[in-house]
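Just below is one structure, and these are the notes that go with it.
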Amino acid sequence: MPVIVDIDVMLARRKMGVGELAERIGITPTNLAVLKNGRAKAVRFTTLDALCEALECQPGDLLRWVPEDAAG
């Protein structure tokens with residue numbers, strides 16, 4: 001998949017765990033793991049907004065696009 005999710009990078013930079021982030025944004029740790037691991041089919045803007053607020057970052061810090069042939 002050419003869209004890469006970098007939530008784990010931001011979690012490390014903020015020294016925050018998945019459980020704490022899930023609680024802050026109001027979703028289950030399981031659903032956050034699905035998103036974090038790139039298995040989600042979609043992301044609600046309200047969830048993206050909550051992630052950016054909790055992690056004090058921009059959407060581009062969490063999601064990036066890589067061309068299909070360069071994703072390997």
Checklist entry - Would a 4.5 Å heavy-atom cut-off, applied to side chains only, mark Ile4 and Leu63 as touching? => result no
Checklist entry - Do Leu62 and Val5 have side-chain heavy atoms sitting under 4.5 Å apart? => result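 No; the side chains remain at least 4.5 Å from each other.
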Which distance, rounded to the nearest 0.5 Å, do you find between the [atom1] of [X] and the [atom2] of [Y]?
| X | Y | atom1 | atom2 | result |
| --- | --- | --- | --- | --- |
| Met10 | Ile7 | CE | CD1 | 10.5 Å |
| Lys36 | Leu11 | NZ | CG | 7.0 Å |
| Asp6 | Arg13 | CG | CZ | 8.0 Å |
| Asn31 | Thr47 | CG | OG1 | 9.0 Å |

Closest non-hydrogen atom pair between [X] and [Y], with its separation:
| X | Y | value |
| --- | --- | --- |
| Pro2 | Pro67 | CB-C, 4.5 Å |
| Cys52 | Pro59 | SG-N, 3.5 Å |
| Ile25 | Ala50 | CG2-O, 3.4 Å |

Next on the checklist: Could you walk me through whether Leu51 and Leu32 satisfy the side-chain contact (heavy atoms from CB on, under 4.5 Å) test, starting with their C-alpha distance in whole Å, then the side-chain angles of each, then the deciding distance to 0.1 Å, before giving a yes or no?
Outcome noted: CA-CA 10 Å; Leu51 284 165; Leu32 180 56; 4.2 Å; yes
Checklist entry - Can you check whether Gln58's main-chain N or O pairs, donor with acceptor, with Asp61's side chain at less than 3.5 Å? => result yes
Next on the checklist: Under a 3.5 Å distance rule, please check whether Arg14 uses its side chain to pair with a backbone N or O of Glu56 as donor and acceptor.
Outcome noted: yes
Next on the checklist: Assigning hydrophobic clusters by single linkage (Ile, Leu, Val, Met, Phe, Trp, Tyr; side-chain heavy-atom cutoff under 4.5 Å), is Leu35 placed with Met16?
Outcome noted: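 Leu35 clusters together with Met16.
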Checklist entry - In the single-linkage hydrophobic clustering (I, L, V, M, F, W, Y; side-chain heavy atoms under 4.5 Å), do Phe45 and Val34 co-cluster? => result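 Different clusters.
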Next on the checklist: Are there over 12 heavy-atom neighbours, none belonging to Arg39, within less than 6.0 Å of that residue's CZ?
Outcome noted: yes
Checklist entry - Is the number of heavy atoms from other residues, nucleotides or ligands under 6.0 Å of Glu20 CD greater than 12? => result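 Count over threshold, so yes.
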